[in-house]
Structure formats: C-alpha cells, structure tokens
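Heavy-atom basis, side chains included; hydrogens, waters and symmetry copies ignored. Each chain gets a letter, A, B and so on, in the order its sequence line appears, and its residues count up from 1. All values derive from a computational prediction rather than experimental measurement.
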Amino acid sequence: MPEITYVEAVREALVEEMERDPAVFCMGEDIGAYGGAFKATDGLLARFGPGRVIDTPVSETGFVGAAAGAAHMGLRPVCEMQFMDFVSCAYSILTNYVATARYRAGLACPMVVRGPAGGYVRGGPFHSQNPEAAFLHTPGLKIACPATPSDAKGLLKAAIRDEDCVLFFEHKYLYRRARGAVPPGDHVVPLGRARLAREGRDLSIVTYAAGVWMALDAAERLERENGLSVEVLDLRTLLPLDDAAVVETVRRTNRVLVVHEDTATGGVAGEITARINELAFEWLDAPVRRVTAHDVPLPYAPALEDFALPQTDDIVRAARWLAAY
Amino acid sequence: MPEITYVEAVREALVEEMERDPAVFCMGEDIGAYGGAFKATDGLLARFGPGRVIDTPVSETGFVGAAAGAAHMGLRPVCEMQFMDFVSCAYSILTNYVATARYRAGLACPMVVRGPAGGYVRGGPFHSQNPEAAFLHTPGLKIACPATPSDAKGLLKAAIRDEDCVLFFEHKYLYRRARGAVPPGDHVVPLGRARLAREGRDLSIVTYAAGVWMALDAAERLERENGLSVEVLDLRTLLPLDDAAVVETVRRTNRVLVVHEDTATGGVAGEITARINELAFEWLDAPVRRVTAHDVPLPYAPALEDFALPQTDDIVRAARWLAAY
Amino acid sequence: MAATSAVTSPAAVPPGLTHDQLIELYYFMRLTRALEERLVNLYRQSKVVGGLYRSLGQEACAVGSAFALRREDVLAPLIRNLGSMLVKGATPLEVLRQYMAKGDSPTRGRELNIHFGDVERRNFIGQISHLGDMVPVMAGVTLAFRLRREPRVGLVYVGDGATSTGAFHEGINFAAVQRCPLVVVVENNRYAYSTPTERQCAARRLADKAAGYGVPGVRADGNDVLETFRVTREAVERARAGGGASLIELMTYRRAGHAEHDGQSYVPPGELEQWASTNDPIDRYTAALTGAFGIPAPTLAAVDERIRVELDRAVADAEASPPADPRDALRGVYAEPAEAPLLWFRALAEAGAPRASPGPRSAAHA
Amino acid sequence: MAATSAVTSPAAVPPGLTHDQLIELYYFMRLTRALEERLVNLYRQSKVVGGLYRSLGQEACAVGSAFALRREDVLAPLIRNLGSMLVKGATPLEVLRQYMAKGDSPTRGRELNIHFGDVERRNFIGQISHLGDMVPVMAGVTLAFRLRREPRVGLVYVGDGATSTGAFHEGINFAAVQRCPLVVVVENNRYAYSTPTERQCAARRLADKAAGYGVPGVRADGNDVLETFRVTREAVERARAGGGASLIELMTYRRAGHAEHDGQSYVPPGELEQWASTNDPIDRYTAALTGAFGIPAPTLAAVDERIRVELDRAVADAEASPPADPRDALRGVYAEPAEAPLLWFRALAEAGAPRASPGPRSAAHA
Ligand SMILES: Cc1ncc(C[n+]2csc(CCOP(=O)(O)OP(=O)(O)O)c2C)c(N)n1
Ligand SMILES: Cc1ncc(C[n+]2csc(CCOP(=O)(O)OP(=O)(O)O)c2C)c(N)n1
Ligand SMILES: [Mg+2]
Ligand SMILES: [Mg+2]
C-alpha cells in the first residue's frame with residue numbers, strides 16, 4: 001500500500017466521492033483556484049469545474065446555510081472552513097437549522113462541514129481551536145475526528161455518504177506530518193466505530209485526533225521504561241460515540257486515562273467519563289482521569305502554547321500515576 | 001421578608017444596580033417601551049430613560065459586540081436575549097472576542113448576557129433551549145443558573161459587578177411560578193458558590209435551575225415513601241463550579257445523581273461526573289448517574305415535551321435505583 | 001406613522017390573470033383571514049398550544065407574492081406568511097393541527113404554528129424561529145436549481161426586523177454573487193415585535209439595501225394584492241430567465257400585534273384604526289373586484305360561504321385529531337440510528353410515560 | 001483588473017495640514033513599508049513565529065485615514081493597517097516583539113502579529129481574527145461616547161472580504177440606527193485571500209452598501225494619502241458633530257499576497273507589476289511632495305535615514321527580548337481567579353515545563 005499524507009487522504013476522499021456521485025460538490029473560501037489554505041482541495045477546480053468547486057464570500061453562515069438548502073434539493077455539499085475556528089460563525093445555523101431539520105420537518109440535510117482544527121502549530125487563539133465539544137451537545141449532528149491518513153480518507157467518504165450533517169475535524173498538525181498506508185479501492189470507514197490503536201493490559205488511553213499519536217508515543221515509553229502494557233483507543237467519531245469499544249477497553253484494563261487536546265472544563269472527556277461511570281463503573285480500579293489542555297485560550301508563543309497544551313510527557317506521568325493507583 | 005416572583009427578582013436586581021452605578025445600562029430587543037418579552041425590564045425605560053434602556057435591532061452579534069465595546073470604555077452593559085435560544089446567534093463573538101479579551105489583550109469586558117432559558121412551557125425547539133453546555137467549554141466566560149428568586153436577584157447583582165462576562169440563564173418556567181423571600185438590602189450572592197438546598201444522608205442530587213425544584217419534590221417523596229434522606233445541591237453557577245461543595249456532598253452521601261434539564265450527551269453532567277471522579281472517587285459507593293433530557297431537539301406537543309424532558313418521577317425512580325445499588 | 005395612500009387604480013391589472021385567478025386571489029386572502037379568526041377562537045378556548053401569530057392586514061403580501069410562483073418553485077414562508085402557504089397547497093386542517101399540537105399534524109407535534117413544510121410535493125419549506133436563517137437556506141435551494149439548470153425559482157420572506165440579522169446579509173449576498181434565482185421579499189409591516197422600523201434601520205427605504213448587494217430592488221404597496229403580484233412576478237421571471245436574485249420591499253402594516261398576547265400599548269393612538277379603516281388589503285381588493293373588474297358581489301359571497309364550510313369541517317377534524325404519541329419524541333433525529341436511546345431512568349419505569357403533572361411543580365412554593 | 005488612474009493632482013491638499021504634518025504622513029508610510037521589509041528579512045530567517053501579513057501598496061489607506069483622528073479617538077485596525085497603529089503611537093519594537101512571540105511583547109506572547117492594542121493610553125484596540133467582529137465592538141465603543149456625550153470618534157477598518165460577514169452588517173446597522181460616531185473604512189484591495197472582490201460581492205461599488213444602512217457612503221482613491229485623509233476627516237468630523245456613522249470605500253490593491261507564504265498564482269499576469277509601477281502610494285506622495293509642495297528631496301532622504309536608524313535599534317532590541325515565561329500561560333483569563341489552575345498531571349512533574357520536543361511527534365511515522 002502506498003503511503004500518503006493526511007491532507008492527501010482528505011483530497012483523495014473528495015476526488016473519489018466527487019467522481020462517484022455527481023451530487024457531491026464543494027464550497028468554501030479560497031478552495032478553487034487557490035486550492036484551500038492547506039491545499040486540501042488543490043486541483044479540484046481544474047478537475048470538476050466551477051459548478052462543483054465554489055469559492056464563497058467570507059460568510060460561514062451564508063454558505064453553511066446554502067449547503068443545507070442545496071442538500072434539501074438532493075445535492076451533497078461539502079463545506080470547508082478555512083480554519084475550524086470559524087465554524088463558530090455558523091454555530092447558530094448548524095445547531096438550530098441543520099441539526100433539527102430531519103426531526104422537526106423531515107428535511108434531509110446530508111452535508112459535511114470540514115476543515116483544519118487543532119494546535120501545536122503556533123497559530124494563536126484563533127487558528128488552533130478544537131471546537132468539537134461545542135457541538136457534542138447538539139442531537140442531529142455527527143462529529144468525526146480522524147487521527148490517521150487511512151481514517152481521514154475512510155471517514156470522510158462515510159461522512160459524505162451519510163444522510164445527516166457531519167462535522168469533520170481534520171488536524172492541521174497532522175496534515176503533512178502524518179503519513180501512512182491507505183487501503184486501496186473504495187476505502188470507507190463507518191462512523192461510530194472506534195479503533196484499537198494499540199493493545200494493552202494495564203491501562204487504557206481513550207483519545208482521538210492528535211491525542212492518538214501522543215498516546216502511542218507515551219505507551220511506547222511506558223512499555224520501555226516501566227514495563228507497562230498500555231492500550232490506546234482511538235475514538236475516531238465522537239457523535240455517535242462507540243460505547244461498546246469504550247466499555248470493552250475498561251473491562252480489559254480497569255484503568256482509564258481520557259486524553260484530548262481541547263481544554264478540560266466542558267470538553268469531550270467529561271462525557272466519556274460519565275459514560276464509563278454509567279456503563280462500566282464496576283470494572284474501574286481507579287478513577288477515570290483526564291489529560292487535556294489547561295483552561296485558557298490557546299496562546300501563541302511556543303513556550304506558552306507548549307505549556308497550555310497536553311504533551312506526551314504529561315500522558316506518561318499521568319499514566320504512571322494511574323497505574324500505581 | 002416579602003415574597004416576590006423570580007422575574008420580579010430579576011427586575012429588582014436590574015433596577016438596584018442601575019440606581020447604584022450609572023455605568024450599568026441595558027440593551028436588547030423590545031426591552032424599552034414593551035418591557036421585554038417576559039417583562040423583566042418593565043418600567044426601566046420610564047425610570048432610566050432611552051440612554052440606559054436601549055431597544056436594539058434584531059442583531060444578537062451586533063449588540064453583544066457593542067456591549068463588549070462599551071464595556072471596554074468603562075460601561076457595564078446588560079444584554080437581554082429575548083430567548084436564550086438566540087444566544088447562539090452571538091456564539092462566535094462571545095466565545096472568540098469577549099471570552100478572550102482579557103487574556104489576549106488585557107481588555108476588561110464586564111458585561112452580562114441574560115435571558116429566559118428552559119422548557120416545560122410548550123415553547124418548541126427554539127424557545128425552550130438550555131444552551132449552557134455550549135459555553136461551559138470556553139475559558140473566559142462565567143455562567144450562572146439561578147433556581148430561586150433570592151438567587152436570581154443576588155447572582156444577577158454579582159454578575160453585573162463582576163469584572164468579566166457572565167452568561168445569566170434565567171428559567172422561564174420559574175419566572176412567575178417561583179415565588180419566595182428575598183433578603184432585604186443589597187443582597188448579593190457571590191458567583192461560584194453552590195447552595196445546599198436540602199440536607200440528607202443517603203444520596204445526593206447535584207443540579208441547578210429548574211432541576212432544583214424537581215429534585216426537592218423527589219426528595220420529599222423519597223423521604224415519605226421510602227424513608228430515604230436525600231441531599232440536594234443547587235450549583236447556582238456552572239462556571240466557576242463549586243468543586244468543594246460537590247466533593248463535600250459526595251463525601252457525605254457516597255451516592256450522586258446529577259440532574260439537568262438539558263440533553264444528556266455533552267451536557268454539564270458529564271463535567272460534573274468527571275470532577276467527582278477526579279476529586280472524590282474513593283468516596284463513591286455507586287456510579288455517578290445522570291437524569292437529563294433525552295438526546296433530541298425539544299419537541300413542542302405536551303406529550304412529546306414531557307416525554308423528552310426529565311420529570312420528578314424520573315428522579316424518584318433513579319434515586320431509588322441508586323440508593324439500592 | 002401614517003397609512004400609505006389607500007386605493008390603487010385597478011387599471012394596473014397584470015396581464016395574464018384570468019377571471020378565475022382574480023377570484024382565487026380573493027379566496028386565499030379571505031381564507032387566510034378566516035382561518036386566523038378561527039384560530040383566535042380556539043386560542044381563547046385554550047385549544048391552541050403556545051402563541052398565535054396573525055397576519056391581519058398583511059394578507060395581500062403573502063398571497064400576492066406566492067401567487068407569482070409556479071408549482072415547482074420553492075417558497076420559504078415566515079410567521080406572517082400563512083397566506084403564501086395556502087397558495088402553495090397547505091391546508092387549513094394542517095394549520096389547525098399544528099397549532100393544536102396534534103399527533104397527525106405535519107410535524108407530528110414537533111414544531112408549532114405554521115413551522116412546517118413540504119419540499120417533496122408542494123414545494124414550501126418549514127421555517128425555524130431564528131430570524132434570517134431561511135435566506136441562506138434558500139440561497140442554497142436556488143443554487144441547486146442554477147447548478148442543475150432547472151428553470152425553478154425560490155422566494156423567501158423576511159420581516160423588517162429580520163433584515164438586521166447577519167444571516168439575512170450573508171444569505172442575500174451569497175445569492176447575489178452566485179446569481180441564484182432567488183426573490184427576497186422584505187415585508188415591512190412597520191414593527192418587529194414592539195420595535196418600529198426606524199429603530200431597526202436608518203435607511204430611507206429597506207429596498208435601498210439592494211444596491212449594496214448588486215441586485216434590483218423595488219418598493220411596492222404590499223396592501224395591493226395585484227401590485228404585489230406584478231412586482232413579484234417580474235422578479236420571479238427575471239430570476240427564472242437567469243437574471244439572478246432581487247429584493248422587493250412590500251409596505252404593509254401589522255394590525256394584530258406580535259402575537260395574540262401582545263397588547264400593542266406601544267402603538268401610537270389611532271394608527272391601528274387608521275390602517276384598518278383606510279387600508280385593509282381585502283377591503284381594497286373587494287372594492288377593485290366589484291368595481292373596476294365588475295365581479296358581482298354574490299360571487300364573492302359564495303366564496304366566503306365556501307370558506308366557512310371548509311373551515312367548519314377543518315376545525316371539527318382538527319379537534320378530533322389524536323394527540324402525539326409520547327414515544328415518537330425519540331424518532332427521527334438521524335436517518336441512522338432511527339430512534340434516540342430511551343434513557344436508563346425511563347427504562348426503569350413500568351410504563352414509559354411520566355406521571356400526570358410534569359415539570360418542576362413545587363417551584364410555586366419556593 | 002486595471003490600476004486606477006495614477007496621479008492625483010496635489011492641488012487638493014486638505015486645509016489645515018502643516019508642512020510638518022505633510023512630512024509626518026511621509027514618515028508613517030515609509031516607516032510602515034520599511035518595518036514590513038525588516039519583518040520579511042526576519043521571516044526568512046525563521047525569526048518570525050507564524051505568518052507575516054503585509055500592507056505593501058496599501059500604506060496610504062491606513063496612514064491617511066488614521067491621521068484624520070485625534071489622540072482621544074479610538075481606532076480598530078485589521079491586519080493590513082499596521083500604518084494606522086504607528087500613527088496612533090504603536091512602536092516598531094512592539095510590532096517586532098509581537099511577530100517574534102517575545103515575552104515582553106504587548107500581549108506577552110499570547111497573540112500574534114499586529115493583534116494588539118492599547119485602549120488605556122493610545123486608543124487603539126486589539127483585533128481578533130474572526131472577520132467583521134470589530135465592527136459591532138466599535139459600534140459599542142462609540143455608543144459609549146455618544147451616551148456620555150464625549151466628543152470622541154471611532155474608526156474601524158474592514159476588508160472587501162469582511163463586508164460579507166454578518167458581524168459587519170449587524171455592527172454597522174447598529175451604529176447607524178444608534179447614530180454612533182463611527183467611521184467604517186472598507187479597504188477594497190481587490191482580494192480577500194485569493195478571492196477577487198467581484199466574487200465577494202455583486203455590488204457595483206462597496207460604498208453602495210451605505211444607503212442600505214442610511215449612512216453617507218463615499219468611494220475614494222486609497223492610494224492617494226491626501227484624498228484618504230480628506231474624506232476620512234470629513235466623516236470623522238461629521239461623526240464628532242453628532243452626524244452619526246458613515247462608510248468610506250478606499251480603493252487600493254494588495255500587492256504582497258495574503259501572507260508571505262502566498263504565491264499569488266491566482267493573480268492575472270501583469271496586474272501586480274502594473275500597480276507597483278504606476279500606482280504605488282509612496283511613489284505618488286513622494287512625487288507630490290517634491291513636486292507641487294516643493295519639499296526638497298534631501299528632507300525626505302533624512303526621514304528615510306531616521307527610519308533606518310530607528311529600525312536598526314528596534315530589531316536589535318526585539319531580538320534581545322526574552323521569550324515568554326511558560327507559566328504565564330495560566331494568568332489573566334479572569335480578573336478573579338487571576339490564574340487558571342495548573343492541571344494535576346503537570347503538578348505531578350518536578351518542574352512545570354514539558355520536555356524539549358512537544359506535540360504529537362510520532363505522527364510522522366504513522
Ligand atoms: C435571531 C432572532 N432573534 C430574536 C428573535 C425573537 N423575535 C421573534 S419575532 C421578532 C420580531 C420580528 O420582526 P420582523 O422581522 O419585522 O417580523 P414580523 O414579526 O414583523 O413579521 C423577534 C425579535 C428571533 N426569532 N430570532
Ligand atoms: C469569519 C472569518 N472567516 C474566515 C477567515 C479567514 N480569513 C482570514 S483573512 C481572509 C480574507 C480577508 O479578506 P479581506 O477582508 O478583503 O481583507 P484583506 O486580507 O484583503 O485585507 C479570510 C477569509 C477569517 N479570518 N474570519
Ligand atoms: Mg415586522
Ligand atoms: Mg481584501
């Protein structure tokens with residue numbers, strides 16, 4: 001299998017889905033001639049023409065709303081946020097109009113809102129956000145957060161084919177740094193199923209997106225330095241959450257660390273902790289603990305950003321503590 | 001002490017703070033001559049004039065942003081959302097501009113965004129929302145959710161005096177139904193401190209807003225019908241959360257039910273569960289369990305709304321289960 | 001604020017309207033008003049669940065503009081546009097069931113009042129409360145028409161108040177720059193809830209917003225159903241011919257308050273009465289029909305009677321409709337899974353339904 | 001797109017500008033350009049953390065408009081408005097420290113590039129990235145002036161792209177209807193990132209948006225610093241006199257790409273060169289100064305030299321500045337508590353700081 005980068009995987013998914021289904025089209029700022037701020041849509045305009053690769057005004061509510069309308073009419077829009085930090089500008093129409101369309105009115109709204117999220121890139125408070133938690137709370141939306149090129153491709157294809165709206169958080173740190181094999185052919189990864197990224201017996205790390213890589217690094221160090229066998233569960237989608245996979249890993253290791261890059265309070269880890277309490281409390285030998293960013297807007301200077309964000313070292317330290325509990 | 005309604009308590013707080021501090025002023029849709037959709041600002045225009053009670057265009061981003069600017073200049077704006085469902089329209093400017101102002105730029109932004117939230121009133125999906133969880137995840141904001149007239153008044157006064165932005169969720173079911181005594185004089189309830197609404201030994205219900213009343217009803221029934229002694233902790237503010245009070249109740253009863261009206265997934269209960277895990281795991285004799293709304297947009301028809309929302313009966317049933325665990 | 005000049009010369013009959021269509025316009029305006037009057041009765045009997053929103057005095061705006069659409073064109077109504085939905089084929093029975101939160105209402109009790117649609121057959125779309133959002137949505141509906149080269153048009157209403165929303169701005173700008181076949185009708189009824197238009201926007205005319213988006217903009221007398229029809233048809237056919245989006249400001253007046261509970265104390269004395277007595281759209285049209293168009297009064301009386309019978313039946317049917325099935329609350333959030341999980345505490349119950357008196361009852365004894 | 005007609009007649013010198021002020025305008029434009037050139041060097045040496053955004057060819061817009069403000073007036077710059085901040089008293093050293101993420105930068109390393117302000121003393125306000133938001137914020141700043149009857153004015157910039165945001169719309173409408181003393185300057189530099197203005201908005205002129213808000217709107221040559229000054233001062237003084245908000249569209253051209261990484265492959269051939277050679281704002285002003293105004297060339301050369309010395313020192317000082325203190329990351333989210341809690345896993349560490357190579361390193365070996 002040839003190795004490709006994460007951003008190439010995104011592009012491949014878009015190209016293949018647009019080839020497969022003429023209803024699929026892309027909208028966003030500077031996605032046409034420019035190919036997108038991170039070149040995820042590079043070459044799409046030349047290939048599919050301006051009717052299927054549409055440069056929009058700087059209007060996130062405008063084109064996300066337009067995507068909903070087009071979706072009602074049978075198209076399958078894929079919206080790019082130039083940075084996921086700007087999805088906040090479409091927050092109301094996504095949570096109120098799009099998320100409720102099927103429930104309140106039987107309106108189909110198959111669409112994807114995708115774009116780069118995440119930090120570790122010195123982007124400052126408005127080009128580094130992880131806004132997934134703000135949407136976790138909205139029935140009607142789905143949320144995907146791939147960690148690998150293979151999942152970026154496979155989940156994006158599933159998202160485009162899904163009958164409902166999927167928010168698709170790509171991690172910009174991984175765009176060019178994550179490189180890996182992607183199964184050939186029509187590689188689709190179903191939404192709602194976690195991936196066991198590493199098997200272990202002593203402790204589980206439940207995480208997603210960039211957290212997966214730090215968890216794997218930490219697991220390796222913990223094995224080497226402490227002889228600990230650490231399992232890493234990559235959630236892949238947050239809505240729906242794969243409860244079964246979470247419960248299974250808890251039952252196996254009885255100790256769980258939930259890791260995410262987003263801030264602690266109100267982050268996704270809270271929900272995961274609650275589910276573990278509800279579904280697997282008796283299997284816990286220790287409290288579920290979180291390793292997350294500190295509760296601050298993400299600062300820009302390297303020293304500050306590195307301090308605010310969770311690091312591999314933090315996971316190692318937390319895991320040792322939890323293993324010794 | 002004279003008894004007043006919850007909405008009267010809100011109005012008293014506004015009037016007293018506007019009397020006390022000429023920098024305090026109100027903005028919102030139809031808050032002037034009309035006195036607000038729920039009459040919370042009734043009489044304020046006549047008393048303070050159009051320079052301090054400003055009817056705005058239908059522009060939540062516009063006037064919330066304007067509040068921030070006015071706050072930078074030393075004023076203390078209080079914005080009314082006609083319904084808290086529309087705070088979503090100011091989501092981006094609140095989470096990106098307002099919440100970060102002090103941190104990124106040393107800009108003071110003392111302001112309040114208040115308005116009616118909550119269901120049980122046949123308001124349908126867009127006049128019943130509980131959007132507090134969407135903001136829990138934003139460092140820089142504070143969140144208050146009073147349950148009683150006394151707290152509505154005291155917390156609103158604290159919010160207006162706070163040096164940062166406070167989102168103030170009033171519960172519209174309680175506006176005219178909750179009636180109670182309010183201490184005379186300058187009654188201020190500090191943000192960040194929970195209230196023990198009922199003492200108990202067997203089990204704790206941690207909740208806020210309308211949930212407090214259902215929890216008290218349930219506690220009474222549980223006492224009467226099952227001889228159970230149930231403690232009810234009214235959080236009052238969600239940001240900051242009163243960890244100490246939560247830990248204390250857990251230590252006392254060793255069993256916790258977290259109750260809120262908002263939907264389950266991604267709701268505030270997840271965060272509370274995580275904190276209990278972190279701070280008081282060893283004191284738990286049973287899993288922390290949630291009683292919340294079902295994960296659906298809130299429907300309008302009485303039979304549907306009642307089914308979707310948590311009810312006193314649900315709390316009773318859940319508490320019996322937990323007590324027997 | 002004074003009423004605009006009252007009677008339009010009926011000489012300006014748009015070409016291509018048949019005698020039957022003239023009567024149909026009358027029928028839809030009358031039906032709108034009569035249906036709302038029935039709803040007022042039901043509201044007073046507490047049979048309406050929630051608020052009641054009327055379009056009294058604005059019926060010509062909704063009916064005249066929607067009448068300019070073809071069957072395949074898509075309409076996005078707001079709360080004052082009941083008439084437009086009736087033109088598009090919504091039935092009084094559907095409206096009554098919605099307002100009464102019945103289980104067989106178009107939204108099965110999920111949504112209130114006229115928040116419902118039918119994009120599959122009748123081509124109108126269910127609104128949400130958040131003002132402005134329907135504009136970008138309709139920009140997308142009509143973008144789909146343009147991309148697929150379908151000769152279809154979209155029409156979206158906004159109030160004077162809703163023009164202040166960012167969503168309106170982003171939506172109409174998107175439609176303009178993408179040359180979507182969209183007609184944006186701004187229904188200026190002088191108030192947004194209690195806020196008069198001059199405190200909403202400082203523009204001389206809301207139609208002046210059009211230039212800022214590079215689209216044609218006109219202002220017309222929205223209480224003249226034929227003028228409303230004429231200007232809308234012009235915009236609709238321009239859109240259909242590839243001429244892109246446009247904006248129409250219809251001048252009218254909201255006579256019945258924001259909703260039934262609204263006492264309208266903020267309205268200057270005499271204003272309501274003046275509009276009612278000198279500028280009622282149905283009175284004006286009736287005068288034109290029986291005057292210049294020579295339609296005999298009994299013809300119109302027969303229409304009125306037909307409406308009465310129709311509404312008698314609809315009200316009876318709606319009242320007999322069943323309430324919603326509680327468990328249905330969980331269905332249809334997603335295509336997959338088809339039903340949201342029943343939460344654990346409810347599953348503990350023998351029967352799924354909660355007890356008789358739901359909600360935080362004890363609050364009253366705080 | 002062709003460059004606009006090149007040289008403005010210097011006859012149109014605004015009254016009240018002294019000889020020294022004419023030189024000051026030159027100084028600020030030159031300083032803007034020279035500072036950005038230093039930043040390009042630092043960027044190429046990887047000493048700039050993050051992206052570099054230039055205003056090459058647009059210096060007259062920022063400098064000419066900000067020069068129309070008084071000290072007590074408040075300015076809200078965007079990323080192309082470095083020049084306006086310098087006019088308001090921001091120093092090159094501050095800018096350099098910001099770009100280099102230094103611990104003693106105005107934001108102590110929390111924010112990047114020219115995202116900083118000083119509302120206490122120098123009256124300019126730190127922007128955020130989300131386009132449009134500064135307009136409502138400045139509506140509120142100027143609302144405060146009006147409510148307190150202070151004779152102060154606010155000026156906010158937006159790009160052609162930012163006019164498409166709902167925040168711009170809601171903010172300018174609020175300012176208009178509330179008669180806030182606010183000047184909204186739309187800097188039309190023909191591109192929003194790669195998107196040309198005609199795909200942003202279908203209006204003939206962005207100034208045409210003014211009528212929709214009921215405010216005066218003018219279009220002016222933004223590459224003519226004196227014309228920019230003149231039209232801005234007119235709007236500023238109208239606002240100060242109680243005349244409310246207004247909109248100014250400044251025509252200019254973004255010659256350096258969205259940011260330094262932008263190869264500008266989307267720009268039609270020859271366009272950049274034409275603007276550089278025939279319509280550079282500094283060239284045009286230099287010609288006016290040495291021509292019609294009779295300022296000797298050595299006077300200007302002395303200004304250039306002064307700038308060189310000033311920047312040499314600033315760059316040296318900035319390079320010597322310390323990095324940010326990691327623990328400072330936790331301070332100042334709220335007034336109270338003054339510091340966010342250190343999370344438990346970090347508290348477990350001997351030292352608070354993470355190891356040398358942070359981030360998800362292993363991703364490369366996926
Ligand atoms: C975004 C948003 N903010 C506030 C409201 C509350 N609200 C409902 S109707 C209304 C007034 C609408 O006025 P207008 O647009 O003129 O329509 P009209 O009722 O006059 O037909 C307001 C403020 C809302 N529905 N949406
Ligand atoms: C709400 C929002 N959406 C998207 C972006 C990403 N973005 C940054 S600059 C830019 C283009 C801005 O163009 P314009 O307003 O014309 O300003 P210019 O860069 O030309 O000065 C975009 C789309 C943003 N900053 N904010
Ligand atoms: Mg109106
Ligand atoms: Mg631009």
Side-chain angles (χ1 to χ4, degrees), chain A residues 22-23 25 27 50-52 54-75 77 79 89-90 92-111 138-142 162-165 190-192 239-240 243 278-279, chain C residues 74 76 106-108 110-112 115-120 125-130 132-150 152 154 156 165-178 180 182 329-337 340-341 344:
Chain A
F25 75 106
M27 286 198 282
R52 294 182 69 195
I54 298 178
D55 275 335
T56 65
V58 184
S59 303
E60 284 79 8
T61 289
F63 68 85
V64 166
H72 296 337
M73 295 295 109
L75 296 181
C79 294
C89 299
S92 184
I93 204 159
L94 276 168
T95 59
N96 289 302
Y97 187 88
V98 172
T100 64
R102 179 180 300 280
Y103 186 77
R104 72 180 152 76
L107 281 166
C109 212
M111 56 186 274
T138 307
L141 299 178
K142 298 185 177 183
D162 199 86
E163 294 304 322
D164 292 294
C165 175
L191 300 172
L239 261 186
D243 286 338
E278 286 159 6
L279 304 172
Chain C
V74 173
T107 65
R108 306 208 307 276
R110 283 111 187 274
E111 257 282 33
L112 27 72
H115 286 208
F116 70 94
D118 175 5
V119 292
E120 256 109 57
I125 192 169
Q127 66 189 283
I128 68 166
S129 297
H130 290 67
D133 277 8
M134 300 313 294
V135 183
V137 169
M138 287 302 290
V141 164
T142 53
L143 175 70
F145 298 159
R146 181 174 74 65
L147 293 177
R148 292 195 297 224
R149 295 175 209 283
E150 297 174 19
R152 297 167 73 184
V156 63
T165 62
F168 160 80
H169 174 72
E170 296 196 4
I172 189 172
N173 185 59
F174 182 97
V177 80
Q178 285 293 328
C180 300
L182 178 64
L330 301 184
R331 291 182 202 119
V333 180
Y334 300 97
E336 182 57 47
W344 70 283

Self-check item: Flag side-chain contact, heavy atom, 4.5 Å: P136(C) against V64(A)
Solution: no
Practice problem: Could you look at L141(A) and say if it's the side chain, the backbone, both or neither that has a heavy atom under 4.5 Å from chain C? | Solution: backbone
Quiz item: Does some side-chain heavy atom of L143(C) sit less than 4.5 Å from a side-chain heavy atom of L75(A)?
Solution: no
Quiz item: Who wins among G140(A), P57(A), A68(A) for the most heavy-atom pairs under 4.5 Å with chain C?
Solution: G140(A)
Quiz item: Which residue out of E278(A), E163(A), H72(A), K142(A) racks up the most heavy-atom pairs below 4.5 Å with chain C?
Solution: K142(A)
Self-check item: Check: I128(C) and R104(A) side chains under 4.5 Å, non-hydrogen atoms
Solution: yes
Quiz item: What's the spacing between H130(C) NE2 and T95(A) OG1 if we round to 0.5 Å?
Solution: 6.5 Å
Quiz item: I125(C) versus chain A, heavy atoms under 4.5 Å apart: side chain, backbone, both or neither?
Solution: side chain
Quiz item: Of all of A144(C), G154(C), G117(C), S129(C), which one pairs up most often with chain A through heavy atoms under 4.5 Å apart?
Solution: A144(C)
Quiz item: For D164(A), is it the side chain, the backbone, both or neither that has a heavy atom under 4.5 Å from a heavy atom of chain C?
Solution: side chain
Exercise. For residues E111(C) and Y103(A), determine if any side-chain heavy atom of one lies less than 4.5 Å from a side-chain heavy atom of the other.
Key: no
Quiz prompt | Most chain C-contacting option - heavy-atom pairs closer than 4.5 Å, from C165(A), A108(A), P139(A) | solution = P139(A)
Quiz prompt | Option that, when pairs with chain A are counted at under 4.5 Å, heavy atom only, ranks first among V177(C), V135(C), V137(C) | solution = V137(C)
Exercise. Check each atom of F168(C) against the heavy atoms of chain A and say whether the ones under 4.5 Å are side chain, backbone, both or neither.
Key: neither
Self-check item: Contact leader toward chain A among G166(C), G140(C), G126(C), A139(C), where contacts are heavy-atom pairs under 4.5 Å
Solution: G140(C)
Quiz item: Quick one: what part of Q178(C) sits under 4.5 Å from any heavy atom of chain A, side chain, backbone, both or neither?
Solution: side chain
Quiz item: Under a 4.5 Å heavy-atom cut-off, does chain A meet the side chain of R148(C), its backbone, both or neither?
Solution: side chain
Quiz item: Can you tell which of V141(C), T142(C), L147(C) makes a side-chain contact (heavy atoms from CB on, under 4.5 Å) with M73(A)?
Solution: V141(C)
Quiz item: At a heavy-atom separation under 4.5 Å, does A176(C) approach chain A through its side chain, its backbone, both, or neither?
Solution: neither
Quiz prompt | Heavy-atom proximity to chain C below 4.5 Å, by part of F63(A) | solution = both
Self-check item: Face-on cation placement of R102(A) at Y334(C) ring, 6.0 Å and 45° thresholds
Solution: no
